[in-house]
There are 2 protein chains.
Amino acid sequence: MSLKDSCAIVGLGYTDQGKVPGRSGMSFYLEATRNALDDSSLDIRDIDGLIIQPCPTDRSVTAFTLAEELGINLRYGADQQLQGASACAIIQHAAMAVDAGLCNYCLCAFADTSRSAPQGIVYQVAWGTGAAYGMFGVAASYALIARRYMHEYGITNQQFAEVAVTFRKHASLNPIAQMRNPITIDDYHNSRWIVEPLHLLDCCLVSDGGRALIVTSAERSRSLKQPPVYVMGMGQGHPFEDPMRRSTLTVTGAAESGKKAFAMAGITPEDVDVCAIYDSFTFVVPMQLEDLGFCSKGEGGAFVEGSRIALGGELPINTSGGLLSEAYIQGWVGPHEAVSQLRGDCGERQVPGAEIALVTSSGGVLSTHTTLILRK
Amino acid sequence: MSLKDSCAIVGLGYTDQGKVPGRSGMSFYLEATRNALDDSSLDIRDIDGLIIQPCPTDRSVTAFTLAEELGINLRYGADQQLQGASACAIIQHAAMAVDAGLCNYCLCAFADTSRSAPQGIVYQVAWGTGAAYGMFGVAASYALIARRYMHEYGITNQQFAEVAVTFRKHASLNPIAQMRNPITIDDYHNSRWIVEPLHLLDCCLVSDGGRALIVTSAERSRSLKQPPVYVMGMGQGHPFEDPMRRSTLTVTGAAESGKKAFAMAGITPEDVDVCAIYDSFTFVVPMQLEDLGFCSKGEGGAFVEGSRIALGGELPINTSGGLLSEAYIQGWVGPHEAVSQLRGDCGERQVPGAEIALVTSSGGVLSTHTTLILRK
């Protein structure tokens with residue numbers, strides 16, 4: 001069997017985002033849920049499925065404590081955690097549960113208060129004994145991969161800069177983006193090193209905020225307020241075969257997750273009109289584009305040059321500003337922007353005639369990966 | 001579409017269980033995985049899906065750290081947490097992922113070291129300000145429900161005792177059960193109060209141990225070592241509509257999850273040969289039997305009398321000893337025993353001719369609930 005086009009995303013919920021102090025994780029889940037319901041014209045009592053990514057800064061929130069706050073009966077519920085890969089994975093999970101008949105309207109939600117949480121959650125991972133030698137923090141791990149990528153394929157900081165500048169330009173057209181002031185290539189090079197070869201402007205934001213969206217069957221979607229956006233293809237890829245990952249340092253899980261998603265959708269990269277690519281760091285965008293088949297391995301650097309990935313270019317990517325300039329929220333901004341593009345709701349940053357969108361999310365320093373293909 | 005019979009459970013992995021000091025959560029996940037692979041005749045490299053319930057005593061284990069330890073590439077991975085309802089929910093999730101073509105062989109696993117963990121995990125939940133008034137601990141919450149159940153339907157401690165004595169008798173036939181010494185009705189009444197009306201022998205065990213099982217497609221299952229056990233029906237039910245649950249204190253999520261599972265399987269309670277019912281406390285067995293339709297509401301007490309639920313009775317339940325006498329392991333013992341019964345592997349405690357089994361798991365003091373129907 002195939003899930004292709006059997007389900008649709010019918011409601012999007014946003015909240016204030018960026019630096020939003022004094023808010024609990026639960027308050028963001030609730031606000032995002034209310035806004036997704038308003039957007040969809042559904043009533044809270046229609047929701048009978050709920051899958052959340054747990055809030056990193058408030059572990060008391062589960063699908064069930066949230067259901068209790070919402071006062072709803074669930075016929076399907078789950079907490080699902082795949083770190084940064086959760087957003088697309090949870091939408092996949094919701095589509096499977098709806099398709100299986102286990103629930104009719106499945107709410108997917110996430111909230112984070114990492115930017116303002118008093119406890120000061122730090123995105124910092126110690127890799128075993130490495131920390132004793134100064135090897136700590138997510139950026140340090142990504143820096144090793146970036147360096148290897150430069151070494152193997154000759155990709156440059158100049159090409160990383162193209163990604164950063166392009167996404168900031170997109171963010172300048174997005175009223176809710178956290179960083180809207182345009183930057184130049186020089187600004188990129190002049191920004192301080194975080195861990196060489198990564199500048200400050202290679203790194204994504206840390207944000208407060210919440211997101212919710214609603215998945216239902218294709219059939220049910222047709223009677224709702226918004227034009228349905230169908231889930232056309234999906235896949236995951238989590239390469240761990242070599243724990244040291246020496247042989248695969250520059251190949252992401254997108255190689256597998258993209259292959260499966262394109263196979264289910266029955267399309268090729270040429271058919272995609274707009275992308276939302278998980279951009280925890282600039283360089284992971286060209287790397288995933290290679291693994292997804294938008295260009296050959298090693299050609300990602302050239303691919304992101306010359307405004308090809310900018311609005312008006314051949315393949316507009318991260319039209320909201322992405323994780324680098326819109327907001328982080330663990331990758332949940334990607335599916336929302338893709339759905340908005342396919343609805344034609346993006347105003348100044350709309351990709352004309354966008355019919356098919358590809359979204360990725362990734363965690364575990366690129367080793368967990370999910371791909372979603374959506375269509376109008 | 002329907003998932004009915006599209007997937008099968010093809011491998012079971014056990015570990016030492018009960019009081020097993022000095023073991024890490026990860027070591028139980030790994031041992032259970034190895035044993036499930038041996039049981040199924042699959043190779044570790046066949047596994048391309050992995051869904052775990054996180055270990056309560058070792059939060060460093062995720063599907064991805066486990067995949068890394070196993071050295072495998074995943075095409076589908078998830079951490080899924082539904083507390084005590086996780087076991088059946090994860091098998092459902094695995095069946096959906098296999099059916100959707102997202103992976104071929106999905107390993108489902110859990111481990112717990114709560115019995116021996118030095119940090120002394122305590123199964124104790126404070127309900128808001130209630131703790132200040134002495135209302136804390138899982139048993140306290142269950143006790144309120146038990147008292148209400150007695151008040152509304154006249155169920156008695158004598159009937160609770162029937163459940164405890166029956167399951168202990170079953171455990172005496174199970175070489176790996178944590179509690180194998182038979183008990184009498186008098187032993188039950190003489191055991192100390194934990195929270196009235198619950199005696200010590202109303203309460204399930206706390207255990208160290210791990211469990212793993214493997215789900216694949218019906219088609220692939222036919223070429224493996226063990227006779228396949230098909231996933232025939234599934235459902236979930238998580239009633240939260242009334243946060244105080246006043247109107248539903250004696251109705252569990254089984255009312256909804258059972259209805260959906262029976263509908264998918266296309267059978268009725270009369271067709272079930274053997275059950276594994278989540279027995280965190282004795283009285284929740286008759287309560288779930290009512291909600292599942294094995295008897296009318298309020299008749300569960302009478303239903304569990306007269307050896308009806310014992311081996312040799314009309315509907316043998318928890319033939320391994322259940323959570324009360326085999327081991328707790330957050331409800332993972334149920335699916336394993338049900339599969340073993342349908343394979344005909346239960347030796348002295350085998351239910352002759354067992355063809356269809358019903359399994360439940362539940363969390364959140366009976367408010368989260370999953371049902372699974374399996375067939376030979």
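In what follows, every heavy atom counts, from backbone to side chain, and hydrogens, waters and symmetry copies are set aside.
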TODO: Any ring pair (Phe, Tyr, Trp, His ring centres under 6.0 Å) involving residues 80-101 of chain A? Give me the pairs, sequence neighbours left out, ordered by first then second residue.
DONE: A:Tyr76-A:His93, A:His93-B:His93
TODO: Under 4.5 Å heavy-atom distance to chain B, tell me which part of A:Thr62 shows up: side chain, backbone, both or neither.
DONE: side chain
Open item on the list: So, taking the atom named CG in A:Asn73 and the one named OG in B:Ser367, what distance separates them when rounded to the nearest 0.5 Å?
Closed with: 10.5 Å
Open item on the list: As an exercise, state the distance from CD of B:Gln53 to CG of A:Asp79, rounded to the nearest 0.5 Å.
Closed with: 11.0 Å
TODO: Applying salt bridge (charged side-chain N to carboxylate O under 4.0 Å, His left out), name anything that partners A:Lys259, two or more places apart in sequence or on another chain.
DONE: A:Glu256
Task: Residue selection (most heavy-atom pairs with chain A, distance under 4.5 Å) from B:Gly49, B:Ala97, B:Ala89 - done: B:Ala97
Open item on the list: Looking only at heavy atoms and a cut-off of under 4.5 Å, which of A:Glu69, A:Met234, A:Arg75 has the most pairs with chain B?
Closed with: A:Arg75
Open item on the list: If I take atom NE2 from residue A:His238 and atom CD from residue B:Glu68, how far apart are they, to the nearest 0.5 angstrom?
Closed with: 13.5 Å
Open item on the list: Let me confirm one number: the SG-NZ distance from A:Cys103 to B:Lys260, rounded to the nearest 0.5 Å.
Closed with: 8.0 Å
Open item on the list: For a quick test of reading the model, state the closest non-hydrogen atom pair linking B:Leu3 to A:Ala100 and the distance between them.
Closed with: CD1-CB, 3.6 Å
Task: Any donor-acceptor N/O pair, A:Gln236 side chain to B:Gly77 backbone, under 3.5 Å - done: yes
- [ ] Show the numbers, then the answer: is there a side chain to side chain contact (heavy atoms under 4.5 Å, CB included) between B:Asp99 and A:Met96?
- [x] CA-CA 9 Å; B:Asp99 188 62; A:Met96 292 193 292; over 6 Å; no
Open item on the list: Run A:Leu102 and B:Met264 through side chain to side chain contact (heavy atoms under 4.5 Å, CB included) and show every step you take.
Closed with: CA-CA 10 Å; A:Leu102 294 174; B:Met264 186 184 290; 4.3 Å; yes
